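Because the structure is a prediction, the values reported are computed rather than measured.
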Amino acid sequence: MEVSPNVVRAEAFTGEAIQESIRKLPPEGGTVFLPVGTYVIKQPIVLDRDNISLIGQGFGTLLKLADKANAPVVIIGDAVTPPRHRVSGVNVTDLQIDGNRDNQTTENWNGAEDNGHATAIRNNGVTVRAAEDTRIERVLVRKARSGGIVLEKVCRRVSVNDFTSRDNFFDGFGAYETEDCVFTRLILIHNDFAGISADISFRHNIVSEAVITDNGRQGIFLRHSVRNLFSGLQIRRCGEHGVFLAQAEDRPETACVDNVFSQIVIEGCQAEGFRINDASCTGNGLGNARFANNRRDSVSEVIPGLLVRHDVSAR
């Protein structure tokens, strides 16, 4: 994915200046460059055109949500629900996001009412909506009022690399209606709920080389997830389960099916290391796993035989 030679530098350390720089880019796209400094964000930065890049100078480039802004910090995609169009070729790299959760009052943007978790945009550090061929790399998100990063509204071929998400009110990493994506070298720590939460058609994705520690509930929570690969994960000190597979209430079509977990370590969790909570969750495989010092069983299934296991050790 190439960065356009069209480069605009933000003229001030404000969200308004960043959005104006995006507006100035030509129709074919381009790059907004953010020098080191703290940018105060009062409204979300919206990247809703193709081939737009937002590039900082490392974690010294800080996007900090203003007190009581009650907004996501960055939106990749259309900010209308349902999205009116798809976006592709968007890049966000080399910056830090502070959601300033202690000084926000609502989880949803401007306190909007939600309709079955389908209409409101939550106040995440990064929200990705109906995006394709998009890259997020070397980004740190902390203290968002909702999740660190959330993909939704059918995202395809999105890559998230060298990404850290910590101290967020809900999940460190969320993905819904997401397929054919690659998420690697993730650090997900001290989030109040799950490290990773995936639901509503999470299909054919790869999650690798992740450190998932000290999250308040599950290391990984999955529903309606099919044929995903999780490899090279270290899951430690979860408030509940290391990995939890389920379906949505009495809807067997939302089961977790044919997912593979390989080369994972699950240690020090306060419930089961690996729990399959519904009989509809079949064909899931666990290989080259190590369990240690979890409060309950290493592996627990609602009925025996749901999980295909090999080379599993426990102590």
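- Nearest heavy atom pair, residue Val139 against residue Asp94, reads CG2-N, 4.2 Å.
- The ring pair (Phe, Tyr, Trp, His ring centres under 6.0 Å) check on Phe169 picks up nothing, with sequence neighbours excluded.
- Cluster annotation: Leu233 is connected to Leu307 through the hydrophobic network of ILVMFWY side chains, with a link wherever side-chain heavy atoms come within less than 4.5 Å.
- Side-chain polar atoms of Asn124 and Thr127 form a donor-acceptor pair below 3.5 angstrom.
- Between Leu286 and Ile264, the closest side-chain pair of non-hydrogen atoms falls below 4.5 Å.
- Here the shortest heavy-atom pairing between Ala10 and Ile18 reads CB-CG1, 4.4 Å.
- Across every non-hydrogen atom of Cys238 and Cys269, the tightest pair is SG-SG, 3.3 Å.
- A side-chain N or O of Arg275 and one of Ser300 form a donor-acceptor pair less than 3.5 Å apart.
- Between Asp167 and Arg142 there is no salt bridge, since none of the side-chain N atoms of the basic residue sits less than 4.0 Å from a carboxylate O of the acidic one.
- Looking at Tyr176 and Ser197, their side chains come closer than 4.5 Å, going by heavy atoms from C-beta outward.
- Inter-residue side-chain proximity for Ile97 and Val74 is flagged as met; some heavy-atom pair is nearer than 4.5 Å.
- Not a single salt bridge (Lys or Arg N to Asp or Glu O under 4.0 Å) links Arg49 to another residue, sequence neighbours left out.
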May I have the step-by-step check of side-chain contact (heavy atoms from CB on, under 4.5 Å) for Phe163 and Ile149, ending in yes or no?
CA-CA 10 Å; Phe163 181 86; Ile149 182 172; 3.5 Å; yes
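- A salt bridge is defined here as a Lys NZ or Arg NE, NH1 or NH2 lying under 4.0 Å from an Asp or Glu carboxylate O, and Asp192 with Arg101 meets this definition.
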After noting the C-alpha distance and the side-chain angles of Ser208 and Ser231, does the key distance pass the side-chain hydrogen bond (donor to acceptor under 3.5 Å, both in side chains) rule?
CA-CA 5 Å; Ser208 67; Ser231 68; 4.8 Å; no
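- Between the CD atom in Glu209 and the CD atom in Gln263 there is a gap of 10.0 Å [rounded to 0.5 Å].
- With sequence neighbours left out, Phe13 forms a ring pair (Phe, Tyr, Trp, His ring centres under 6.0 Å) with Tyr39.
- For Glu177, there are no salt bridge (Lys or Arg N to Asp or Glu O under 4.0 Å) partners two or more places apart in sequence or in a different chain.
- Defined by atom type and a distance below 3.5 Å, a donor-acceptor pair is present between the side-chain atoms of His241 and Glu272.
- Using a 4.5 Å heavy-atom threshold, the side chains of Thr14 and Val40 count as separate.
- With salt bridges taken as basic N to acidic carboxylate O contacts below 4.0 Å, one links Arg84 and Asp78.
- Checking side-chain atoms of Asn123 against main-chain N and O of Arg145 turns up no donor-acceptor pair under 3.5 Å.
- Glu20 is listed as a side-chain neighbour of Lys24, based on a closest heavy-atom distance under 4.5 Å.
- Looking at Thr178, Asn205, Asn284 one by one, the single match for side-chain hydrogen bond (donor to acceptor under 3.5 Å, both in side chains) with Asn228 turns out to be Asn205.
- Aromatic pair Phe274/Phe261: centroids less than 6.0 angstrom apart.
- A salt bridge links Arg227 to Asp258: at least one charged side-chain nitrogen sits closer than 4.0 Å to a carboxylate oxygen.
- With sequence neighbours excluded, no residue satisfies ring pair (Phe, Tyr, Trp, His ring centres under 6.0 Å) with Phe202.
- Checked by atom type, the side-chain pair Thr81/Arg129 shows a donor-acceptor distance below 3.5 Å.
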With a 3.5 Å cut-off and sequence neighbours excluded, list the donor-acceptor pairs that the side chains of residues 211-222 form with protein atoms.
{"unit_1": "Asp214", "atom_1": "OD1", "unit_2": "Arg237", "atom_2": "NE", "d": "2.8"}
{"unit_1": "Asp214", "atom_1": "OD2", "unit_2": "Arg237", "atom_2": "NE", "d": "3.4"}
{"unit_1": "Asp214", "atom_1": "OD2", "unit_2": "Arg237", "atom_2": "NH2", "d": "3.0"}
{"unit_1": "Asn215", "atom_1": "OD1", "unit_2": "Asn191", "atom_2": "N", "d": "3.0"}
{"unit_1": "Asn215", "atom_1": "OD1", "unit_2": "Asn191", "atom_2": "ND2", "d": "3.1"}
{"unit_1": "Asn215", "atom_1": "ND2", "unit_2": "Leu188", "atom_2": "O", "d": "3.1"}
{"unit_1": "Asn215", "atom_1": "ND2", "unit_2": "Thr213", "atom_2": "O", "d": "3.3"}
{"unit_1": "Gln218", "atom_1": "NE2", "unit_2": "Glu240", "atom_2": "OE1", "d": "3.1"}

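- Between Asn168 and Val141 the shortest side-chain heavy-atom distance falls below 4.5 Å.
- The one candidate from Arg203, Arg157, Arg156 that meets the salt bridge (charged side-chain N to carboxylate O under 4.0 Å, His left out) condition with Glu179 is Arg156.
- Transitive grouping of hydrophobic side chains (ILVMFWY, heavy atoms separated by less than 4.5 Å) brings Leu34 and Ile22 into a common cluster.
- For the side-chain contact (heavy atoms from CB on, under 4.5 Å) with Val87, the lone residue among Asp50, Ile52, Asp133, Asn51 that qualifies is Asp50.
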